[in-house]
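Okay, structure first, notes after.
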Amino acid sequence: MRIIRLATSLRLVLTALLAALPALAWAANDTLVWDIAAGPQYVDPVMGTSAQANVMVVQNVYERLVWYDGPGTQPIPWLATGWEVKDGGRRYVFKLRKGIKFQDGGELDAAAVKFSFDRAVLLDDPGGIGSFFPTGTAAPGILKGTWEFSKSFGAGKDYSQAAVDRYMAAGGVKVIDPLTVEFNLAQPYGAFLVDIATFMGSIVSPAYVTAHWTTPTDPARGFIPGVTAGQRDDWMLYHASGTGPYTLETFDKATANVVLKANPGYWGGPTGKIKPRLSTVIVRATLDQATRLLNLKSGGVDIADISTAGIFDVIDKKKWLDEKKIEPLLPGVAVPGPNPWLTIYFAKMNVKVKNPDGSLAPFQPFQDPRVRKAFASAVDTADIRRNVFNGFAEPIAWGLTPAQFGYDPKVKASYAFDLEQSKKLLLEAGKERGFGPDRPHDLVLIYNAAAPWQGYIATQVASNINGLNAGLKLDVKALSFTEYVNSWRAQLTGFSIHSTFSLTADPNSWLSAFGTSAGFWARTSSYDNPKADALYTRQFQALDPKQRAKLISEMVQLVNDDIMWVWIGAATAYGQPTFNPNVLRASVKGFYYNPTYQGFYFPALWKE
Amino acid sequence: MGFVAYALRRLAYLGLVLLGVSLIVFFLLRGMPGVDPLAAYIAPGLPMSPEALRGLRAELHLDDPLPVQYVYYVAGLLRGDWGFSRTAAQPVLGALLGRLPATIELAVAAVLLSALLGIPAGVVAALRKDRATDVAVRVVSITGISFPVFWLGILLQLVFFYYLQTLGLPSLPSRGRVGDLVALQHPLGPITGSYLIDSVLRGNAPFLASAASHLVLPAFTLSLISLAALVRIMRASMLEVLRQDYILLARSKGLSGRVVVLRHALRNAITPVLTTAGTTLGILLGGAVVVETVFSWPGIGLLAAQGILNNDSVLVVGFTLFVATMMVFVNLLVDVLYAVVDPRVRY
C-alpha cells in the first residue's frame, strides 16, 4: 500500500516537472507579453477612469462609430460608414455598417448604439473623466436630456424611474432605422466626433450586458433593461463583449493581469484588412521597474514599461542629452520615439490665497501681474526638462502639446527665464505690495513629498527668487500627499507644481480647465477672465475646424498674457505609453505611434 | 485561572488594542491639523464640481465633530465598510481579503523555509559552540539579515532568473505567482486560495509545478527576515538545554549522541523557537510589502505598495489596520499554542 502511495506521489511530481518545462520556454511567436507598470482596474467603458491601462484594453476589445486610422489623429468612419451634420451642428446622423457582429454573437445595429450611449448617461459614474461625455461639464451639456439627468457630477441626484423616463423622452439618441442612428445635442459641439472616438463612445453588446444584469430591487432606482440608474455594473467591470479585434479572455482582479485573445470573427475594420496576427496578448502588471527591465533583457517579455527616470539603463545617456539621438544599449531592444504625448508639466499661481478658515490671507502677492511674471521668469524650464525629465519634455508656449488639435506654435510666450527681469519686476511690485529688500516678506512654496521632481522645481524657484534679494524670502516645504492636495485645492498656497494628462487629442478639457472661470485648475487659482470664457464657448460650438483653431489660438494667447501658469514642458514619449512610456524587443514589428491611443493597438503588431 | 478565562480576557484586551489602532488610523486620515480630510478621498486632477465635493463631504460625515466622525468610522469598520480604494477600484476590505491568500501562502512558505534552515543551523551551531562552524553560522545569518530585502530580491532574480536563463540553463521565474501560459492552459478553480494546496486538491500537476517554482525566490528572500533571529534563538535555547541535568543523565545512560540531541535536547529546546516562528509569521505578513513588490506577488503587500504610489491613503490606512489586526490575532494564537506545546504552561 505504502509503495503504491509513494509511486503515485512520484508520478505527480514527475508529471509536474515535465509539464512545467513549457512554462519556462519563450512565449511563442503568436503570443505577446507586456510587463506594464500598472494594470487596468476595470474595463467598462462607461466608467470614469484615471487609469490609462483601462483604456488600453477597451480600445482593443470595443469599437466606436469613428476612430483613428494608423497614426492619424483625425477620426474616420469605423463602425459607421459616414455621418451628416444637421441643424447647425445640433444633430449628427450616422449610417452603420451592415453585418458586424459582437463577440457574443449579437448583431451591431442602431439599437446597440443607442443602448451604449443611454447606458453611459444613466449609469452616471461620478468617478471623473467618463462623465465628461456625453454629459458635459457645463450646462446645457452635450446630449439632449443628459444635463438635466446628471446635473454635472455630484451626489444626491435623482435616479428615480421618472428621471430615467424624462431622459429617455428627451431623445438624445434616436434609432431612425436598424442602420441609422441620430444624436441630438443640447448645443452645437465642434468636438463631438473626437469625443465619440474616445473609449467613452465604445459600443457594447446590449444582449450581453442585459444577460448579466438583474432588475434592481430598490424601488427608488430607475432603470431601463440592462442598466440601473446611477449604479455601477459589477459584471461589466471585469467582462466585455464588443466588436473589436480582441476578446477579453481573462481579467485577474488581484494581479491586474489581463489576457486578450484574437477575435476569430473580426470583421476587418474599415479597410476589411485588419486581421490580428498575435493570437494571445498577455499584459502583466509588474510594479517593480528592475524586474521589468530584467524580464525585457532576458527576452522573457516583448514590451516593458520603463519610466524616463530609468531610461538610461536602456539608451545611451550622452547621445540622447547631447545629440537627441535614441541609441539602445541593450541588444535586441528598440526604443521608438520620441513622440509628442498628452501629458504636461506646469506650475500654477493663485490670486486668492486663503487662510485655513476660508478667509482671505492678508498678503496676496500673486494678484500683481508683475509678481506672477517675476515667478514665471525665475523658472529655468530648460534645466528642468533636461535634469528632471531626462530630456523627455519639449518646451511649450501654452498648455497644449503638439499632439493636440489647436496647438499653435505661433502663440507667444509671455515670459522667459530671465532673473534680471524677475528682480526688476519684484522690486517694482514690492513698492506697492509692501515688500522689498528692507522689508522682506516670507512665502512658502509647497510640493508633494512623494514627487521628488516637484521638489527639484520648488527648490530651484526658491533658490532663484531668494538669490535676487528682492524682498521675498521663500521657504520650501515638502507636504504629505494629502496635505499637498488639500493645500492647493483649498487655495492655501500661492504657488504649486503639477502635471496633468488628457485622454483625448482634443483640447476642450484643458482649455476649460485652465482658461475658464469654472475650469478645474482655474477655479483653484481664482482665475476669471470673461473674455476667455466667451472665447471658450465660441470655440466649443464652432463646427469649422479652421475657425475653431483660430478661436483656440486667440483664447490661449489671451490667457497666456494673464500669466497664471508656468508651462514647464510637454512630455515626449517613447513606445506607446499608458501611464509610463515603454520599450520593445526588436522582434516586435508593425509599431506605429498614435498619441490618441492609450497603450498599443494590438492588431497592428506581430512578432518575427 | 483556567484556560478559557485566560482566552476570554485576552479577547477583551484584543478589542481594546483594536480600538486603539482604529483611533490612530482614524486620526491619520481625518485629524491632521489644517488639512481638509476630503483631500484623502479624491483623486487629484479629477474634475469634481463643488456640488459633488459637498455630496462626498456629507456622505463621509466630514462636517460633524471629530468624535462623531470617529463613531461613524468605527461603525463602518464593524459593518465591513473600510472605505473605497481608488487603486483597487473596489472596497478596501474586499480588496485586502481577496489578496490575503497569496500573502499567507508566501509568509507560511517563508516561515517554513526559515525553520527548515534555521533550526538545523542553530542546533549545529550550539553543538559546535565557539568553533568554526558556529562562527560561520552566526556570521552567515547576521549577514543575511543585514542585506536590504529589496536588494537581495533583485540579486536573486539576477542570478537565478537572468544569468541562468542567459546561459540556457533551467531558471526560476522572476515574477508572479504562476506562469502565464500555465494559468491559461491549465486553469485552477480556487478552493482555499493557496495555489499549492488547491493544485494538489484538484490534481493539477502543471499548475502545482509552476506555482511551486514561482514561490521559491520570494519565499527564500522573505525567509531571510526571520532566519537570523531563528538561528540565534535556536542556538541559545539548545545551549541552555544541553546544560541541563537530564541531558547529562541521558548521556551517562550511554544513549547515542544523536538520540540525546534529537529526542531529549531538541524537543525541549524547540518551544521558544516555535513561538518565535509564530510571531514572525505576523511580522512577515506585514513585511511582505517589499518582497511582493520586487516579485510582483499579488498579495496585500503589493496592493499597499500600489496604494502608496497612487497616493491612495484610504487603502494604505486600511492596510495598516488590517495588518495590525492580524498581528494581534497571531499573537493571541501563539500564546494559546504555547500552552498546547508546553504542558508546563498554566494560565
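All values derive from a computational prediction rather than experimental measurement. What's counted below: heavy atoms across the whole structure, side chains too, no hydrogens, waters or symmetry copies. Here is how names work: the chains are called A, B, and so on, in the same order as the sequence lines, proteins then strands, and each is numbered from 1.
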Discussion item. Is B/Glu292 in contact with chain A via its backbone, its side chain, both, or neither, using a 4.5 Å heavy-atom distance?
Written reply: neither
Discussion item. With a 6.0 Å cut-off (strictly less than), is the heavy-atom count around OH of B/Tyr73, excluding the residue itself, greater than 12?
Written reply: yes
Fill in: chain A contact via B/Phe84 - which portion, at a heavy-atom distance below 4.5 Å
side chain
Worksheet item: Closest heavy-atom contact between A/Gln41 and B/Ala89?
Response: CB-CB, 3.7 Å
Worksheet item: Among B/Phe150, B/Phe161, B/Phe295, B/Trp297, which residue forms the greatest number of heavy-atom pairs with chain A at distances under 4.5 Å?
Response: B/Phe161
Worksheet item: For A/Ser487, is it the side chain, the backbone, both or neither that has a heavy atom under 4.5 Å from a heavy atom of chain B?
Response: neither
Worksheet, complete the sentence: With chain B, the option among A/Arg292, A/Arg284, A/His498 that has the most non-hydrogen atom pairs under 4.5 Å is A/Arg284
Item to complete: Work out which heavy atom in B/Arg99 is nearest to a heavy atom in A/Lys253; give both atom names and the distance.
Response: NH2-O, 2.8 Å
Discussion item. Please determine whether side-chain contact (heavy atoms from CB on, under 4.5 Å) holds for the pair B/Val294 and A/Leu287, giving the CA-CA distance in whole Å, both sets of side-chain angles, and the decisive distance to 0.1 Å.
Written reply: CA-CA 8 Å; B/Val294 170; A/Leu287 187 61; over 6 Å; no
Worksheet entry | Choice from B/Leu303, B/Thr166, B/Leu302, B/Leu184 maximising heavy atom contacts with chain A below 4.5 Å | B/Leu184
Discussion item. With a sphere of 6.0 Å drawn around NZ of A/Lys261, does it hold more than 12 non-hydrogen atoms of other residues, nucleotides or ligands?
Written reply: yes
Practice prompt. Would you please test A/Thr291 and B/Arg175 for side chain to side chain donor-acceptor pair (under 3.5 Å) and show each step?
Written response: CA-CA 7 Å; A/Thr291 310; B/Arg175 64 169 299 290; over 6 Å; no
Discussion item. Pairing donors with acceptors under 3.5 angstrom, does anything connect the side chains of B/Thr293 and A/Asp288?
Written reply: no
Fill in: Atom CZ of B/Phe26: over 12 foreign heavy atoms under 6.0 Å
yes
Worksheet entry | Contact class of B/Ser199 relative to chain A, heavy atoms under 4.5 angstrom | neither
Worksheet item: Which bit of A/Glu249 comes within less than 4.5 Å of chain B, counting heavy atoms only: side chain, backbone, both or neither?
Response: side chain
Worksheet item: What's the shortest heavy-atom distance between B/Pro298 and A/Ala254, and which atoms?
Response: CB-O, 3.8 Å
Worksheet item: Considering all heavy atoms of both residues, which atom of B/Gln157 and which atom of A/Leu294 are nearest to each other, and what is their separation?
Response: CB-CD2, 3.6 Å
Response to the item:
Output for pair (A/Ser298 OG, B/Leu164 CG), nearest 0.5 Å, gives 11.5 Å
Practice prompt. Can you tell which part of A/Asn448 gets under 4.5 Å to a heavy atom of chain B, answering side chain, backbone, both or neither?
Written response: side chain
Worksheet item: Does any heavy atom of chain A fall under 4.5 Å from the side chain of B/Ala212, the backbone, both, or neither of them?
Response: neither
Worksheet item: Checking heavy atoms, do the side chain of A/Asn257, its backbone, both or neither come under 4.5 Å from chain B?
Response: side chain
